[in-house]
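Have a look at the structure below, then the notes.
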Amino acid sequence: MLDIHISLTGRIAYDPRFFPPDHEAPAMWSAVLEVNGPPTPRRDGSTHIPTRQVEVVVYGVAAIRAHESYRKGQLIMAQGCDLIPRTYETKGREGKPTVRAAVKVIAANLGLASRYSPVHEGTAGWPVDASPRRLAQGASAVVAEEPATTSFAG
């Protein structure tokens with residue numbers, strides 16, 4: 001049983017990176033997700049929703065499928081099983097050394113977030129009922145059918 005369970009929904013910020021498998025390591029797919037943080041109040045009474053950037057990494061067959069399926073700008077959901085923070089040093093705008101931090105999530109599952117952005121597949125012309133029928137508890141699911149009117153040309 002895994003003790004760490006992470007669920008993220010975010011948009012792919014940059015072109016994902018893919019590293020094909022070799023004789024020593026499995027395939028790896030990596031993308032940076034822009035994830036909205038919790039709303040924080042400002043001094044003027046409005047709210048600010050910060051955007052966080054989180055690197056999501058998958059390995060093996062899931063990496064190959066992610067490479068074939070997901071592109072920059074798509075909204076995806078990631079279910080992670082590990083969280084790895086790291087720090088590194090870069091040069092700031094003034095040329096001074098600056099310490100930065102990043103968070104990497106090792107994902108077990110990835111999928112398009114179709115709740116927020118509709119997924120369009122090859123089902124052109126498929127009739128979709130905009131409002132699903134709801135039944136009261138104990139109601140029958142039988143729907144009255146209209147009489148069929150067919151004519152045979154013979």
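Residue numbers count from 1 along this sequence. A quick note: this is a predicted structure, and the numbers were derived from the prediction, not measured.
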* To the nearest 0.5 Å, what is the distance between NZ (K104) and OG (S30)? -> 7.5 Å

* Structure fact -> Taken in chain and number order and not counting sequence neighbours, the residues that satisfy ring pair (Phe, Tyr, Trp, His ring centres under 6.0 Å) with Y14 are none

* **Sequence-distant partners of N109, side chain to side chain donor-acceptor pair (under 3.5 Å), two or more places apart** => Q79

* For P26 and G60, which heavy atoms make the closest approach, and how far apart are they? -> CB-N, 4.1 Å

* Structure fact -> Closest non-hydrogen contact found for Q74 with R71 is OE1-N, 2.7 Å

* Indicate if F18 and Y59 have the same hydrophobic cluster label, given that clusters are the connected sets of ILVMFWY residues with side-chain heavy-atom separations under 4.5 angstrom. => no

* Asked: Listed by chain and number, what are the side chain to side chain contact (heavy atoms under 4.5 Å, CB included) partners of R100, not counting sequence neighbours?
  -> Y88, T90, T98

* To do: Hey, could you give me each pair passing salt bridge (Lys or Arg N to Asp or Glu O under 4.0 Å) that has a residue in residues 38-56? Not counting sequence neighbours.
  => R17-E55

* To do: Keeping to residues at least two apart or across chains, list the salt bridge (Lys or Arg N to Asp or Glu O under 4.0 Å) pairs with something in residues 29-40.
  => none

* **Single-linkage hydrophobic cluster, 4.5 Å side-chain cutoff, I84 and V56 together** => no

* Any side-chain heavy-atom pair from W29 and I64 closer than 4.5 angstrom? -> no

* Asked: Measuring from I49:CD1 to T51:OG1, what's the distance to the nearest 0.5 Å?
  -> 8.5 Å

* Asked: What are the two closest non-hydrogen atoms of T9 and V35, and how far apart are they?
  -> O-CG1, 3.8 Å

* To do: Following the transitive rule for hydrophobic clusters with a side-chain heavy-atom cut-off under 4.5 Å over Ile, Leu, Val, Met, Phe, Trp and Tyr, establish whether L110 and L83 coincide in one cluster.
  => yes

* Out of curiosity, does L112 fall in the hydrophobic cluster containing V105 (side-chain heavy atoms, cut-off under 4.5 Å, transitive links)? -> yes

* To do: Would you name the heavy atoms of P50 and P38 that are closest together and state the gap between them?
  => CD-O, 3.2 Å

* Is it true that M77 and I106 fall in one hydrophobic cluster, defined by side-chain heavy atoms closer than 4.5 Å? -> no

* Asked: Which atom pair, heavy atoms only, marks the closest approach of V58 to A63?
  -> O-CB, 3.4 Å

* Flag side-chain contact, heavy atom, 4.5 Å: L33 against I12 -> yes

* Structure fact -> The salt bridge (Lys or Arg N to Asp or Glu O under 4.0 Å) partners of R65 (sequence neighbours excluded) come to none

